[in-house]
Amino acid sequence: MVRSHSFFVRRRIGASPNQNLTVSVRYGAISMALPIIYLSEYAYYEKHGKKSPWPYQITMILDYGWFFCLAVTAKFIPSNMVARRSFELLHLSESCDVLRVALAWSKTNAGT
């Protein structure tokens, strides 16, 4: 059996909350708009057999914008908490004790 320990380490925040929100909103809007545009273009072509009158430049700008947001996402993700986990192997006798403690803990905290 494997015992796992999780703990959190504080780190310095890389970007301000407003920058995080701005990038998240832009990335979300572009990520929602592009599939709609792609499916609409495909449906128009299937129905009419030619390209729609939608300007390709707008789709191109949104596509490049999506890739730009993808490239800078790591910088704007809030990084004030980092989860770390370590593992250790237990002997069979220790694993039974751990399971008993975990089962007792889950029964006492079931209502919370």
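We number each residue from 1, following the sequence as shown.
In this structure, Glu41 CD and Tyr56 OH are separated by 13.0 Å, a value rounded to the nearest 0.5 Å. Between atom OG of residue Ser31 and atom CD1 of residue Ile36 there is a gap of 11.0 Å, rounded to the nearest 0.5 Å.
Environment of CE in Met60: crowded, with over 12 heavy atoms of neighbouring residues, nucleotides or ligands closer than 6.0 Å.
Between Leu62 and Ile30, the shortest heavy-atom distance links the atoms O-CG2, 3.5 Å. When all heavy atoms of Tyr45 and Lys51 are compared, the pair lying nearest together is CD1-N, 4.1 Å.
Clustering of Ile, Leu, Val, Met, Phe, Trp and Tyr side chains at separations under 4.5 Å leaves Leu39 isolated, with no partner residue.
Listed by chain and number, the residues in a ring pair (Phe, Tyr, Trp, His ring centres under 6.0 Å) with Tyr38 amount to none (sequence neighbours excluded). Qualifying side chain to side chain contact (heavy atoms under 4.5 Å, CB included) partners for Ser24, counting only residues two or more places apart in sequence or in other chains: none.
For the residue pair Trp54 and Thr59, a side-chain donor N or O sits within less than 3.5 Å of a side-chain acceptor on the partner.
Residues Phe67 and Ile37 share a single hydrophobic cluster, defined by chaining ILVMFWY side chains whose heavy atoms lie under 4.5 Å apart. Trp66 and Ile58 fall within a single hydrophobic cluster, where Ile, Leu, Val, Met, Phe, Trp and Tyr side chains are chained together by heavy-atom contacts under 4.5 Å.
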